[in-house]
Amino acid sequence: MTSPLQLEFVLSATDVADLPPTEAEIAIVGRSNVGKSSLINAVANRKKLAMVSNTPGRTRLLNLFSLPGHGTVMDLPGYGYAATSRTEREKWQRMIEGYLLERDNLDMVVVLVDGEIGPTKLDLTMLEWATASDLPHSIVATKHDKVKALQRDKRRAELAAKCGRPASDILWVSASKGTGIDALRGRVLHWLTPEG
Ligand code: GDP
């Protein structure tokens with residue numbers, strides 16, 4: 001078993017230029033409400049490290065965490081909150097694109113997809129954009145516990161097909177039940193390791 005990741009909050013920023021340099025970083029991105037904060041709390045085994053909010057879209061900043069001895073983890077603001085204005089969306093896009101394209105030593109972008117509802121249009125746009133921009137990225141499907149046991153194999157195949165990836169490439173996790181959390185911790189450490 002991999003121990004909880006000892007994540008420590010560093011700072012929040014609105015611009016990639018305001019971030020301290022890092023030797024290795026992974027970024028986590030997904031639409032609002034996908035379960036990103038719950039997942040960060042689960043891998044760290046901390047209740048309130050990342051804000052779990054019932055108001056989707058509330059976290060609007062680049063939130064940087066450090067994992068001493070390994071590198072840093074970026075919690076990117078969630079996208080696709082229905083009530084967001086066009087100006088807000090454009091601001092989000094500039095901030096995220098600036099970060100993803102300009103951040104030095106970004107080793108992996110973890111794109112979260114809601115396992116219960118499958119990839120949204122915006123998730124697919126994000127995946128296409130990451131591919132087109134040559135960004136190393138990996139899909140993690142959240143809320144595994146919300147899919148009925150009997151439907152899991154089918155759902156696993158469907159979600160992967162919609163994302164255009166082999167099912168074996170997608171890690172399924174549940175922040176509530178702990179499913180896949182240990183595997184995700186292992187992958188984070190692997191991605192942050194040189195040549196990982
Ligand atoms: P964020 O907006 O992406 O940071 O998402 P949150 O972590 O705030 O989670 C959004 C909602 O989904 C909250 O009501 C969480 O309790 C719920 N949620 C998150 N992860 C899971 C999970 O693994 N299983 C279940 N059943 N619910 C989850």
Side-chain angles (χ1 to χ4, degrees), residues 1-2 4-5 7-14 26-65 67 72-85 88-89 91-93 95-96 99-100 108-127 130 137-156 158-160 163 170-188:
M1 206 183 114
T2 315
L5 301 182
L7 288 171
E8 292 166 11
F9 176 70
V10 179
L11 54 76
S12 296
T14 52
I26 69 152
I28 308 176
V29 68
R31 68 164 182 84
S32 304
N33 228 27
V34 71
K36 182 162 54 64
S37 312
S38 305
L39 194 57
I40 291 171
N41 291 337
V43 294
N45 199 22
R46 296 259 301 272
K47 283 206 169 75
K48 288 185 183 160
L49 185 64
M51 173 104 95
V52 179
S53 158
N54 288 323
T55 318
R58 207 170 135 193
T59 347
R60 304 251 155 119
L61 300 166
L62 306 169
N63 295 310
L64 187 67
F65 295 86
L67 189 53
T72 44
V73 174
M74 170 56 72
D75 173 15
L76 290 168
Y79 53 81
Y81 178 40
T84 313
S85 70
E88 280 291 324
R89 279 202 302 274
K91 213 169 102 191
W92 179 91
Q93 197 172 338
M95 181 159 73
I96 304 288
Y99 166 81
L100 290 172
M108 184 57 69
V109 180
V110 179
V111 180
L112 301 181
V113 170
D114 192 313
E116 188 190 20
I117 66 166
T120 63
K121 258 190 183 165
L122 284 170
D123 293 331
L124 295 176
T125 305
M126 170 56 81
L127 290 170
H137 59 286
S138 197
I139 303 171
V140 170
T142 61
K143 308 187 188 178
H144 174 266
D145 62 290
K146 283 198 162 187
V147 182
K148 289 203 181 81
L150 277 173
Q151 293 180 351
R152 281 183 189 145
D153 286 348
K154 188 169 162 248
R155 184 62 66 83
R156 203 179 274 271
E158 276 171 6
L159 186 141
C163 295
I170 299 173
L171 177 67
W172 280 72
V173 298
S174 165
S176 312
K177 302 280 183 211
T179 319
I181 297 301
D182 209 39
L184 181 58
R185 287 173 181 154
R187 287 198 196 183
V188 168

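Just so it is clear, the structure is predicted and the values come from calculations on it, not from any experiment. For ligands, and for the atoms within them, numbers begin at 1 and follow the listed sequence.
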Check your understanding: Do any N/O atoms on Lys143 end up under 3.5 angstrom from N/O atoms on ligand 1?
Key -> yes
**Study point:** Contact (N/O only, under 3.5 Å) between Ser176 and ligand 1
**Key:** yes
Revision key, fill the gap. Scanning both residues in full, the closest heavy-atom pair of Thr2 with Arg185 reads O-NH1, 3.3 Å
Exercise for review: Using non-hydrogen atoms of the residue, decide whether Ser174 is closer than 4.0 angstrom to ligand 1.
Suggested key: yes
Exercise for review: May I ask you to check whether Ala175 has an N/O atom sitting below 3.5 Å from an N/O atom of ligand 1?
Suggested key: yes
**Study point:** From CA spacing to verdict: side-chain contact (heavy atoms from CB on, under 4.5 Å), Val43, Ile181
**Key:** CA-CA 6 Å; Val43 294; Ile181 297 301; 4.2 Å; yes
Practice item. Could you tell me whether the side chains of Asp123 and Thr120 share a donor-acceptor contact shorter than 3.5 Å? Key: yes
Check your understanding: Taking distance alone, with no angle check, do Ser37 and ligand 1 share an N/O pair under 3.5 Å?
Key -> yes
Exercise for review: For Asp145, take its heavy atoms, then give the atoms of ligand 1 lying under 4.0 Å from any of them.
Suggested key: 22 (C), 23 (O), 24 (N), 25 (C), 26 (N)
Review point. Side chains of Asp114 and Thr142: is there a donor and an acceptor less than 3.5 Å apart?
Key: no
Review point. Taking atom 15 (C) of ligand 1 as the point of reference, which of Pro77, Ser38, Gly78 owns the nearest heavy atom?
Key: Ser38
**Study point:** Non-hydrogen atom of Thr142 closer than 4.0 Å to ligand 1
**Key:** no
Study note, to complete from the structure: Taken to the nearest 0.5 Å, the spacing of Lys143 NZ from Leu112 CG works out to 10.5 Å
Check your understanding: Taking atom CD1 of Ile28 and atom OG of Ser138, what is their separation to the nearest 0.5 Å?
Key -> 11.0 Å
